[in-house]
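One structure is given below, encoded as structure tokens.
Note that the structure is predicted; figures quoted are calculated from it, not measured. Naming: A, B, ... by sequence-line order, numbering from 1 per chain.
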Number of protein chains: 2
Amino acid sequence: MRGTRWLSADEQRIWRTYLQANQLLRDALDRQLQRDAGMPHGYYIILAMLSEAPGRSMTMSQLARTVSSSPSRLSHAVAKLERAGWVRRRRHETDGRATIATLTDDGFDVLAEAAPGHVEEVRSVLFDPLTPEQVRQLGEIFTAVLAPHDDRPGPPS
Amino acid sequence: MRGTRWLSADEQRIWRTYLQANQLLRDALDRQLQRDAGMPHGYYIILAMLSEAPGRSMTMSQLARTVSSSPSRLSHAVAKLERAGWVRRRRHETDGRATIATLTDDGFDVLAEAAPGHVEEVRSVLFDPLTPEQVRQLGEIFTAVLAPHDDRPGPPS
DNA sequence: GGTAGATGGTTGAGGGCTCAAGTGTGCGGC
DNA sequence: GCCGCACACTTGAGCCCTCAACCATCTACC
């Protein structure tokens, strides 16, 4: 591939800093949640998003979009959460293709128990080291990163 | 845990934006590299870091620190890369505990082949959507996130 | 009302990662 | 010289994820 737009020295340094920090955050969150709540971070998010949904319920595909998961990953994950008794699945009443996942009371309790430690971890590893201005910038930066993928179709090229 | 410092509405929104963007980046990179080079992103980084080291070589523990990996993860990964013929391992000459990993010529070729597509992907998904000012901010933000973990021992609490 | 394609979801195989436990080597103190 | 501990690394089991294949249902269209 001739004419590749290589990264400048600055860009490369920034990219690597980002990767490293990212790995740090991911490891910290996964370790903390695994230790204190016996679940990986991705599972926590599933429970958290369900807990905020009306009726503590969502279809699998809504849920997949909400937690940025592939259908397959979500299916495996919810199967596991269901075995743990934290989520229940049932058929959608009017659309026979869809499945509705619901957070159980047990699931809610586990989530409530895990939340404070998790939030504390997020704070200490991400927000505490940043100034309020940097937090604001962080939000804008990743909003910009996501923008091209909001699947409102972009201008036809 | 009473007295938890919960996230404000803004912080929560920003945190979720970050998680979502992150998942997007990770998925995009892994998919692109898996498709075009038959390896996950973590393996690419290992090859890339080795390629820049003197003699294209590093001890396993240096390498682990460089790519932010646990010893175990790295060991598994290098074992696989060695089976593929892209890396060789040999004993350190003066420290019998250490192992030196070296990028092979085949490994270098694979890396050189994969690099342009990978860089293009990084650009299109991360740098292109950002202004130069935001790129600079990104670097400073994650430098700040990493700072508390530079294991120069901090002030004794 | 029948058919083609889109949509919603699951499954199994294969691979990567974590955690805990293990091996072997170096080093400081006695 | 030996003992104990730290260090460098590896291993295996189990878990999570990806990818591709699959089934079922819905929808549009003729």
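With rounding to the nearest 0.5 angstrom, the NE2 atom of A:His118 is 11.5 Å from the CD atom of A:Glu120.
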Any N/O pairs under 3.5 Å between the protein and nucleotides 11-14 of chain D? List them or say none.
unit_1, atom_1, unit_2, atom_2, d
D:dT11, O4, B:Ser72, OG, 3.1
D:dG12, O6, B:His76, NE2, 2.8

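The CZ atom of A:Arg91 sits 6 Å away from the P atom of D:dT25 (whole-angstrom rounding). Per the geometry, CE belonging to A:Met39 stands 18 Å off C1' belonging to D:dC17, to the nearest Å. In this structure, A:Leu81 atom CG and C:dG9 atom P are separated by 16 Å, rounded to whole Å. Note: CD1 (A:Ile100) to P (C:dT10) measures 12 Å, nearest angstrom. Atom-to-atom, NE2 of A:His92 to C1' of D:dC26 comes out at 12 Å; the value is rounded to the nearest Å. With rounding to whole Å, B:Leu74 atom CG is found 8 Å from D:dT10 atom P. For the pair B:Arg97 CZ and D:dA8 P, the computed distance is 5 Å after rounding to whole Å. Regarding A:Gln34, its CD atom lies at a distance of 7 Å from the P atom of D:dC16, rounded to whole Å.
Counting non-hydrogen atoms under 4.0 angstrom, B:Thr94 reaches the backbone sugars and phosphates but no base. Counting non-hydrogen atoms under 4.0 angstrom, A:Asp95 reaches the backbone sugars and phosphates but no base.
With hydrogens and angles ignored, the 3.5 Å screen pairs a side-chain donor or acceptor of A:Thr104 with a backbone N or O of A:Gly85. Between the side chain of B:Ser75 and the backbone N or O of B:Pro71 there is no donor-acceptor pair closer than 3.5 Å. In this structure, B:Asp30 contributes its side chain and B:His41 its backbone to a donor-acceptor pair below 3.5 Å. Under the 3.5 Å distance criterion, the side-chain polar atoms of A:Thr99 are left unmatched by any main-chain donor or acceptor of A:Met60. Counting only distance, with no hydrogens or angles, the side chain of B:Ser57 and the backbone of B:Gly55 share a donor-acceptor pair below 3.5 Å. The backbone N or O of A:Thr143 lies less than 3.5 Å from no partner atom in the side chain of B:Thr17, so there is not a single donor-acceptor pair.
Look at A:Ser70 and you'll find a side-chain N or O under 4.0 angstrom from OP1 or OP2 of D:dT18. The side chain of B:Lys80 contributes an N or O atom lying less than 4.0 Å from OP1 or OP2 of C:dG16.
Residues A:Gln20 and A:Arg16 bring no donor and acceptor atom of their side chains to less than 3.5 Å of each other. A:Tyr18 and B:Asn22 form a side-chain donor-acceptor contact under 3.5 Å, judged by distance and modelled atom types alone.
For the side chain to side chain donor-acceptor pair (under 3.5 Å) test with B:Thr102, the passing option among B:Arg89, B:Arg88, B:Arg90, B:Arg56 is B:Arg90; the others fail.
The side chain of A:Arg73 sits closest to D:dT18 out of C:dG9, D:dT18, D:dT25. When the nucleotides C:dC19, C:dG8, D:dT18 are ranked by their closest atom to the side chain of A:Arg31, C:dC19 comes out on top. Minimum atom distance to the side chain of A:Asp27 is reached by C:dT18, of the listed C:dG16, C:dT25, C:dT18.
Contacts of residues 50-65 of chain B with DNA chain C (heavy atom under 4.0 Å): none.
Annotation: of the two residues near DNA chain C, B:Ala77 and B:Gly96, the 5′-most nearest-nucleotide partner is B:Ala77.
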